[in-house]
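What follows is a short report on a single structure.
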Amino acid sequence: MPQTPRPAPPTAETTPVPVAILLPHPFGPPSSSPATDLPDWYGVQARELAGLITGYTRRGDVVATLDAHPTVLRAVDYLGRHAAVLTTDHQVDRAYTSPHARRLIRHRGAALILAGLPGPTRSTELPSIVEAITAWRGLLGPGGHLLIAVTAQPTDDEPVSARVQAILAARAAGLIWQQEFLVPLTPLPEYEPRAMPDTAAHTTPALAHGRHRHAHIKLLAFATQTGDAHA
């Protein structure tokens with residue numbers, strides 16, 4: 001699941017990271033699955049969320065979440081990881097679900113932190129985002145990852161998108177941008193006339209207030225620097 005970009009020359013700092021589309025399973029979770037009737041995590045279905053957690057962590061690792069999302073907690077428990085719940089109001093309040101998870105994150109750090117940006121209580125100003133991500137980075141262990149679901153919609157009033165702010169803030173916090181996922185919010189059509197050469201020229205774009213309808217969110221994966229120690 002995680003992909004590490006090939007080494008780039010020193011002058012190629014803007015080399016794009018790998019991009020993947022996180023497609024939901026077409027048939028949904030089986031009736032006997034623990035994922036049945038669980039809500040999506042920022043558009044990511046339970047099955048795909050479990051796949052992300054499996055790809056970025058191992059059994060016994062600590063997975064931290066900022067919103068105590070029931071699907072995250074269920075997936076972490078089902079996969080044999082330890083859940084740590086963090087509450088944030090512009091800074092991390094280190095509150096964990098169990099003393100065992102607290103000991104693990106203190107001694108080894110979290111292997112994965114799942115966060116949404118912006119959250120209901122977090123500022124969209126870049127300095128506040130840098131402060132929050134810096135605090136999250138301090139909880140990651142060596143080789144740990146931070147997954148940020150960027151939920152803010154681009155507007156004409158904001159010269160810098162929430163996605164760019166998250167990337168800038170993560171780099172300022174000392175993290176490496178490693179992977180980008182596109183998470184569709186609506187089912188993909190079987191036939192798209194705007195993508196076909198015989199119909200693209202005369203097909204009217206589906207716009208809302210002059211913009212293309214927002215049909216996906218971006219999930220950004222960041223990694224700790226090689227050799228980082230848990231802060």
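In this text the structure is predicted, and so the values were computed from the model without any measurement.
- In terms of heavy atoms, Leu66 sits closest to Ala115 at CD1-CB, 3.9 Å.
- At least one side-chain heavy atom of Ile176 sits less than 4.5 Å from a side-chain heavy atom of Gln225.
- Between Leu182 and Lys218, some side-chain heavy-atom pair lies under the 4.5 Å cut-off.
- Rounding to the nearest 0.5 angstrom, the gap separating the CG atom in Leu168 from the OG atom in Ser161 is 9.0 Å.
- For the atom pair Trp41 CH2 and Leu49 CG, the distance stands at 6.5 Å (nearest 0.5 Å).
- With sequence neighbours excluded, the residues that form a side-chain hydrogen bond (donor to acceptor under 3.5 Å, both in side chains) with Thr57 are Arg81.
- Put simply, the side chain of His69 gets close to the backbone of Asp40: a donor and an acceptor are under 3.5 Å apart.
- Note that the CG atom of Leu147 and the OG1 atom of Thr65 stand 11.0 Å from one another [nearest 0.5 Å].
- At least one donor-acceptor pair under 3.5 Å links the side chain of Thr71 to the backbone N or O of Pro39.
- Nearest heavy atoms, Arg163 versus Leu220: O-CD1, 4.0 Å.
- Partners of Pro197 under the side chain to side chain contact (heavy atoms under 4.5 Å, CB included) rule, at least two apart in sequence or in another chain, do not exist in this structure.
- Of all non-hydrogen atoms in Ile113 and Ala110, the two that sit nearest each other are CG1-CB, 4.2 Å.
- Residue Ala149 comes nearest to Ile217 through the heavy atom pair CB-CD1, 4.3 Å, listed as atom of the first residue, atom of the second, then distance.
- In this structure the side chain of Asp61 never reaches within 4.5 angstrom of the side chain of Leu112, judged on heavy atoms.
- At a threshold of 4.5 Å between non-hydrogen side-chain atoms, the residues Trp136 and Ile148 count as touching.
- The structure places CG of Leu126 at 11.5 Å from CD of Glu131, a figure rounded to the nearest 0.5 Å.
- Looking at Leu52 and Phe181, their side chains come closer than 4.5 Å, going by heavy atoms from C-beta outward.
- Counting heavy atoms from C-beta outward, Tyr42 and Val150 have side chains that stay 4.5 Å or more apart.
- Side-chain atoms of His145 come within 3.5 Å of backbone N or O of Gly143 as a donor-acceptor pair.
- The shortest distance between side-chain heavy atoms of Leu175 and Leu140 falls below 4.5 Å.
- Checked against side chain to side chain contact (heavy atoms under 4.5 Å, CB included), Ala173 has the following partners two or more places apart in sequence or in another chain: Ile133, Thr134, Arg137.
- The shortest heavy-atom contact between Ala68 and Leu73 is O-CD1, 3.8 Å.
- Note that CG of Leu117 is 4.5 Å distant from CD1 of Ile129, once rounded to the nearest 0.5 Å.
- Closest approach of Pro142 and Arg108 over heavy atoms only: CD-O, 3.9 Å.
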